[in-house]
Amino acid sequence: MDSFFNTVTHRWPEGREDYHWHILPPAGIRNALFESYKNLTLRENLAPVQPEWYHVTLLHSGPVSEITDDEIAAITEQVRKQCATIAPFDLTLDRPSVGTVALECAGRPGEPARRLWEITAKATAAVTGERFPLIPPVYYPHASIAYATGPVPDRRDMKAWLSDCPTQPVTFTAENISLVAQSHDGREITWRHVASVPLGTAS
């Protein structure tokens, strides 16, 4: 595994706040994932994600300093109108897999989450005049439980650990999405909440 933060620093420097849209699992799910896999994540050059920062990213948008308050208000209003037509849905997070830069729990089904990605991406592009690249360019829902901060010596040991772990996938209902101003310090991702948008409020 290679450092996740080294792969993003060219477009998201340490300490800079960028807007992100997320699906945030409820506290019970976050805590269950953390407790189930904490011994897996305590390894050289792995930074475990603390439960309060677990997230399913929908969209990585532009820097906070480059998007005006009026633009954020307009984006949020467009997203709110579109999300009102989408019913809440169950999202299952699978057992983690050992990726190239993180330990990831893949989410399914992808289609309803992908619709939310499309909504946030289109609203952002429409309001900002496509000033910012589409990140990610191809969307699949997932939650990372640990990020690599440098070379991780041997992924096979983690795969062996997982083969002996009896845990099952977890499921929660996605009822809203969150806009946050997010930054990282080269080891941990944190954010401040900006807005929440409920799903399925159209009459």
May I ask whether [X] and [Y] are part of the same hydrophobic cluster, defined by side-chain heavy atoms of I, L, V, M, F, W, Y residues being less than 4.5 angstrom apart, directly or through others?
| X | Y | value |
| --- | --- | --- |
| Ile135 | Leu58 | no |
| Val152 | Trp161 | yes |
| Tyr54 | Ile29 | yes |
| Val101 | Phe5 | yes |

Over 12 foreign heavy atoms within 6.0 Å of CD, Glu130: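 No, the 6.0 Å shell around CD holds no more than 12 heavy atoms from other groups.
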
Least distance between heavy atoms, Gly200 atom then Pro88 atom: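 Shortest heavy-atom separation between Gly200 and Pro88 comes out as CA-CD, 4.3 Å.
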
Shortest non-hydrogen contact from Leu199 toward Ala174: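 Minimum heavy-atom separation between Leu199 and Ala174: CD1-O, 3.4 Å.
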
Roughly how far apart are [X] [atom1] and [Y] [atom2], rounded to 0.5 Å?
| X | Y | atom1 | atom2 | result |
| --- | --- | --- | --- | --- |
| Met1 | Asn45 | CE | CG | 10.0 Å |
| Thr41 | Phe34 | OG1 | CZ | 6.5 Å |
| Leu93 | Thr171 | CG | OG1 | 7.5 Å |
| Ile75 | Ile67 | CD1 | CD1 | 5.5 Å |
| Tyr147 | Thr149 | OH | OG1 | 12.5 Å |
| Ile189 | Ser144 | CD1 | OG | 7.5 Å |

Residue pairs, two or more places apart or on separate chains, that pass ring-ring contact (aromatic ring centres under 6.0 Å, His included) and touch residues 100-127: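 Of all non-adjacent pairs touching residues 100-127, those that pass ring-ring contact (aromatic ring centres under 6.0 Å, His included) are Trp117-Tyr139.
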
Any sub-3.5 Å donor-acceptor pair from [X]'s side-chain atoms to [Y]'s backbone N or O?
| X | Y | answer |
| --- | --- | --- |
| Thr7 | Phe4 | yes |
| Arg30 | Pro25 | yes |
| Asp94 | Cys105 | no |
| Arg155 | Val98 | yes |

Just wondering, do [Y] and [X] contact through their side chains at under 4.5 Å, heavy atoms?
| X | Y | value |
| --- | --- | --- |
| Pro48 | Leu42 | yes |
| Val197 | Ile177 | yes |
| Glu66 | Val64 | no |
| Leu103 | Leu46 | yes |
| Trp21 | Val194 | no |
| Arg114 | Pro112 | no |
| Arg80 | Pro198 | yes |
| Trp191 | Ser183 | no |

Going by an N to O cut-off under 4.0 Å, is there a salt bridge joining [X] and [Y]?
| X | Y | value |
| --- | --- | --- |
| Arg156 | Asp154 | yes |
| Asp157 | Arg43 | yes |
| Glu71 | Arg131 | yes |

In terms of side-chain heavy atoms, does [X] have a donor or acceptor partner in [Y] at a distance below 3.5 Å?
| X | Y | result |
| --- | --- | --- |
| His193 | Ser196 | yes |
| Thr167 | Arg95 | yes |
| Gln182 | His22 | yes |

Near-ring test His184/Trp12, centroid separation under 6.0 angstrom: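 Yes, close enough.
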
Thr173/Phe89 under side chain to side chain contact (heavy atoms under 4.5 Å, CB included): CA gap, chis, key distance, verdict: CA-CA 5 Å; Thr173 301; Phe89 60 93; over 6 Å; no

